[in-house]
Structure formats: C-alpha cells, structure tokens
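What follows is one structure encoded as structure tokens, with my remarks underneath.
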Amino acid sequence: MRESEQRHVTLRINASEEDALLELLNFMYSNTLSVTTAPALLDVLMAADKFEVASCMRYCSWLLHNLPMTPESALLYLDLPSSVLMGEAVQPLTDAAKQYLAARYKDVTKFQEEVMALPLAGIQAILASDDLQIASEDAVYDFVLKWARAQYPKLEDRREVLGSHLAQYIRFPYMTCRKLKKVLTCNDFDQDVASKLVLEALFYKADAPYRQRSLAAEESATSNHRFVERAYKYRPVKVVEFELPRQQCVVYLDLKREECVNLFPSGRVYSQAFHLGGQGFFLSAHCNMDQQSSFHCLGLFLGMQEKGSTSFTVDYEFAARLKPTEEFVCKYKGNYTFTGGKAVGYRNLFAVPWTSFVAEDSIYFINGTLHLRAELTIRLCS
C-alpha cells in the first residue's frame, strides 16, 4: 500500500461517509466511539469494512449486539452488503438477528400479515429454525409458496428465488407423499429442481432409521437442516399400505420423552393424516384420567378426519415397543364403524399411572423415544 510510505494520504470518500470516517479515525487513535445509535454505528461499521479496520468492525458489531433488538434493526443487520455479512467480526450480530426473528415469528400464523411483508432475509431466518410452531412441513411449503407468490408476481423471478434461496429451507423429507406429488406438478418450481427435491425426500423416507439419524446429525451442523425434524403440531408418521388381500395399513408414530412429559396434565398430541380406503385418519395421544378418575394415564386414539356419508368398519390394533426385548407388544384391539369426524381408542393404553409411564426406569421409552404402532384393516366399505 502506497500509504505506508507516504506522510500525507488523500482519501476520496462520498460526503455521506464523512462523519463515519471521522469516527473511524477517532477509534484508531482512542479505541472508542462517540456515536451510540444503530444507524450511526452501522455507518461506522461500513466505513471500517471499506478501510479494512477489523478491530473497529468487531467493536461496532459488539455495540450493536448490545442494543435492544427490533424487527426493523434485525432486518437492517441482515441487509448489510455481502462483503460485510461474510466478515467474521459481524457473524455474532447477524446470528443474533436471525435468532431474534426466528423467536419472534416462530408462530407464523399469529403474525401472518407481518410475516408476509418480510423481505427474503427475514423469511430465511424464520424457516431455518427448528422451533417453528407449525402444523406440519406441508404447511411450511404452503406458506413459502404463498409468500413467494405475493412478493414475486413474475413466474421467472419466483422460480429463481424458490429454487436458489428458499427450497433449501423447506424440509421436504418430512412432507407427506400426497404433498410431494403436488410439488412435482407445481408450476412455481423449475421441473428439474422439483424432481431433485422430491427424489431426495423419497429416498430419505425409504432409508433405514439409523441412516436417517446419521443424515440428520450431519445436517444439524449446516444452516438448512433439511433432515432435522421440527416440533410439528401434527407429528410425522411412517405408513405401510396394503391393498390385497385386504385394505390395510400399518402406522408408526414415535414420540420423544419430553413431548410426552409436556402432555401432563391434560395435553394431547396429534399425528399427521394417513389414508386408508381413500379416507383420512389420524392418531392422537392424550394425557387423561382413567375410567375411575383415580390417576392420570396415557391414552391412544384413532380418529377419522372428515364427515361423510361413507362408513368404514375398521379393525384396529395398538402396539408399543417395550423393554427389555424392544419388540412391539399388542396393548389393545378393537373394531369400530366410522362415519366421519369420530375417534375411538383406549384411555389407559399401558394400564399404569402416568408417573410409572414417564418414570426414569420406564419400560416404554427406548433411548428416550416411545415407539407406537397402529394396524388398521377395513372390514366393510359401503
């Protein structure tokens, strides 16, 4: 640099940069800044980046990080030029901005209008979160499409932003197969991009559980978490369907110990819908009182989604993996004629009090997970 050999240095700057440059020079001699507001500190941060004063960038970032965060300031921090955003000194600030937006808008339905108005960087911060409070990944996909259509009316622009910037934050492996079929025919996605995403999701669904855990562990170190399951309102299930010799399906629902503990004293958790004979069903696990109302216990129920004139007589069987064999053991069998919008099940699946069910030495949790299975067979269809 010529400046290192010259006694007099001429810097050419825009008039708007003058105050920030004077602050930067002051910092280089005194290690302090006189400005305290976010806009002024951001100006100094930009000047420090331009003139490669890393110590001042770190100091500005630290001061900004200590200011109260607002949606506006968080978006400002994420809208800095890419050269600044890539800087190691600014990383803690941008991470804090993303965490703030993800926490504030984790229930996107509650802030729908506000969220729909957010720019791309804000949407990415929200979608990257594992703590998003949403019904299912199908709902995440629908929300992303709705936002993209509102923000990018031109199909060409929308395809670009979905394929290059947003698809990586949708966790396609946790979408239902029915919704994945719709992705393949969705005009908003480039056909090649859609095919790649759906194929990857289907391969993941078909993979062995230990491979799925391995992929999720690898992905947890990246920013998009494609194979990491969110805490969905409707829990994902694995379904094996048979058409012959009888219409039948086997449904697997896994619940973590903390999810079960959080159900006490009267909570319930629902599965995603699954289909048998063209009709939607779901499972729900409840913490409730047993028939004699003497203690809390775990109940498991089978529900039919929509009311309709068609009736189904369904044989069903509930089972769970138990220690020490870790094999599925049948806990309840029954049959029921569904006419839509109804549920049936057993209020005390394991015939034990809630305290025994969730105890540290409980035989129902294997490596912290409760493994449930429901087998459904249609007897009559009229």
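Screening residues 317-332 for side-chain hydrogen bond (donor to acceptor under 3.5 Å, both in side chains), with sequence neighbours left out, gives no hits. Applying the salt bridge (Lys or Arg N to Asp or Glu O under 4.0 Å) definition to pairs two or more places apart or across chains, those involving residues 187-203 are Arg149-Asp188, Arg158-Asp188, Glu200-Arg226. Note on residues 351-377: pairs passing side-chain hydrogen bond (donor to acceptor under 3.5 Å, both in side chains), not counting sequence neighbours, are Gln248-Glu375, Gln248-Thr377, Asp254-His371. The list of ring pair (Phe, Tyr, Trp, His ring centres under 6.0 Å) pairs with a residue in residues 231-252, not counting sequence neighbours, reads Tyr252-Phe328. Applying the ring pair (Phe, Tyr, Trp, His ring centres under 6.0 Å) test to every pair with at least one member in residues 76-99, sequence neighbours left out, gives no pairs at all. The side-chain hydrogen bond (donor to acceptor under 3.5 Å, both in side chains) analysis of residues 118-131, with sequence neighbours excluded, yields the pairs Asp130-Arg171, Asp130-His225.
A donor-acceptor contact under 3.5 angstrom links the side chains of Asn187 and Arg159, judged on distance only.
In this structure, Lys205 has no salt bridge (Lys or Arg N to Asp or Glu O under 4.0 Å) partners at least two apart in sequence or on a different chain. Listed by chain and residue number, nothing satisfies the side chain to side chain donor-acceptor pair (under 3.5 Å) test with Arg257 (two or more places apart in sequence, or in another chain). Remark: Glu114 pairs with Arg104 by the salt bridge (Lys or Arg N to Asp or Glu O under 4.0 Å) rule, at least two apart or across chains. For Asp142, the salt bridge (Lys or Arg N to Asp or Glu O under 4.0 Å) partners at least two apart in sequence or on another chain are Lys179. Considering only residues two or more places apart in sequence or on other chains, Asp79 meets the salt bridge (Lys or Arg N to Asp or Glu O under 4.0 Å) condition with none of them.
Think of Leu199 as one node in a network of Ile, Leu, Val, Met, Phe, Trp and Tyr side chains linked at under 4.5 Å; its network also takes in Phe203.
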